[in-house]
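A short worksheet on the structure shown next.
All residue numbers refer to positions in the sequence shown, counting from 1. Heavy atoms only: backbone and side chains are in, while hydrogens, waters and symmetry mates are out. In each ligand, atom 1 is the first atom listed, and ligand 1 is the first ligand listed. Values in this document were obtained by computation on a predicted structure and should not be read as measured data.
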Amino acid sequence: MTESGTRLIFRTTGKPADVLELEDFTPREPEAGEVLVRMVAAPLNPADLNTVEGTYGVKPELPATPGIEGFGVVEDSGAEGFSEGEAVIFLKRSATWATHTTVPADTLFKLPAGIDPLQAAMLKVNPATAWRLLRGFGLVEDGEWIVQNAGNSAVGRCVIQLARDFGIRTVSFVRRPELVAELEALGADAVFTDDDAGRAAAKELLGGAKAALGFNAVGGDSALGLLKLL
Ligand SMILES: NC(=O)c1ccc[n+]([C@@H]2O[C@H](COP(=O)([O-])OP(=O)(O)OC[C@H]3O[C@@H](n4cnc5c(N)ncnc54)[C@H](OP(=O)(O)O)[C@@H]3O)[C@@H](O)[C@H]2O)c1
């Protein structure tokens, strides 16, 4: 039985550095249909930070432990089909910023043993979002262009890699030129700085062709620049 754990908790919304507290707690033993998971890795997604700030669409019941995804190992199971030591990720918000979390078994997804914990911990949110961006609108064909800003974001990197595999060509804008080579190595077709010079270079590359889709995570002039390439 797990005696003690540690978790991050917030009792009021606000700037994460101000409102998050680290506390010891006793992980809850799983009831029938539940699984106690020992956390191995959990990312900090913008949606996590927005939740703590109180600016996300879904408002948590307070106090709350953040963490919408992550990777862990089954420590104790009250559910059929889940055994100690099995590797799992979470399909729903699961208070993953903790050493342990107890969740319904039907919110878990089993993964093969030996999977890279850091890759597995970020398997749900960003790759699925990139997939939906590229395939969810039905507007982009193989060989066409998509354009995106924040090209080096976790979502942007997934977009680049999936697009490469789908045969869709990508123009990615970044605000730091030192990232260009890194994104090209991931399979980006073109990476430009997110400024007037970069936008002019993208327009020239497209040579009059219109990008099928634009993915904006920045707003303002950056978003306007994407719109002009559509
Ligand atoms: N299903 C969904 O709806 C869904 C799922 C996942 C993500 N998202 C959204 O997708 C976006 C990217 O998420 P992520 O997790 O991939 O983010 P991330 O890895 O944290 O990357 C953040 C990106 O935003 C850029 N950035 C930050 N502040 C900026 C500013 N003031 N001006 C211009 N660029 C700025 C960063 O550039 P630097 O590296 O240069 O700082 C970086 O490229 C977020 O808006 C997130 O909320 C939505």
Residue pair S4 / D24, side-chain donor-acceptor N/O under 3.5 Å: no
Heavy atom of protein closer than 4.0 angstrom to atom 27 (C) of ligand 1: yes
Ligand 1 N/O within reach of A154 N/O, cut-off under 3.5 Å: yes
Within 45° cone of F192 ring axis and under 6.0 Å: R199 NZ or CZ: no
Among R11, E21, E23, the one residue meeting side-chain contact (heavy atoms from CB on, under 4.5 Å) with P63: R11
Criterion side chain to side chain donor-acceptor pair (under 3.5 Å) on N216 and N149, from CA distance to verdict: CA-CA 6 Å; N216 164 56; N149 55 24; 2.9 Å; yes
Minimum-distance protein heavy atom relative to atom 3 (O) of ligand 1: T129 CG2, 4.8 Å
Residue pairs passing the side-chain hydrogen bond (donor to acceptor under 3.5 Å, both in side chains) test where at least one lies in residues 110-129, sequence neighbours excluded: E86-K110
Protein contact to atom 45 (O) of ligand 1 [nearest heavy atom, distance to 0.1 Å]: A217 CB, 4.1 Å
Residue part near ligand 1, for D194, under 4.0 Å between non-hydrogen atoms: neither
Per-atom contacts of ligand 1 with V218, taking only distances under 4.0 Å to non-hydrogen atoms: 32 (N), 33 (C), 34 (N)
Heavy-atom nearest neighbour in the protein, as seen from atom 31 (N) of ligand 1, with distance rounded to 0.1 Å: R175 NH1, 3.6 Å
Heavy atom of the protein closest to atom 20 (O) of ligand 1 (residue, atom name, distance): P46 CG, 4.1 Å
Ligand 1 to R176 polar contact by distance, N or O atoms, under 3.5 Å: yes
Atom indices of ligand 1 within 4.0 angstrom of V125 heavy atoms, with elements: 5 (C), 6 (C)
Heavy-atom nearest neighbour of atom 43 (O) of ligand 1 within options N45, V159, N152, V174: N152
Residue selection (non-hydrogen contact nearest atom 22 (C) of ligand 1) among A130, G219, S153, G156: S153
Closest approach of any protein heavy atom to atom 25 (C) of ligand 1, naming residue and atom: A150 CB, 4.3 Å
Sequence-distant partners of Y56, ring pair (Phe, Tyr, Trp, His ring centres under 6.0 Å), two or more places apart: none
SB check R28 E34 (cutoff 4.0 Å): yes
Donor + acceptor pair across side chains of E182, N152 (<3.5 Å): no
K228 NZ to K210 NZ distance, which is reported to the nearest 0.5 Å: 12.0 Å
Atom 40 (O) of ligand 1 protein-contacted (non-hydrogen atom, under 4.0 angstrom): yes
Salt bridge E144-R169, side-chain N to carboxylate O under 4.0 Å: no
Part of V155 with heavy atoms under 4.0 Å of ligand 1, whether side chain, backbone, both or neither: both
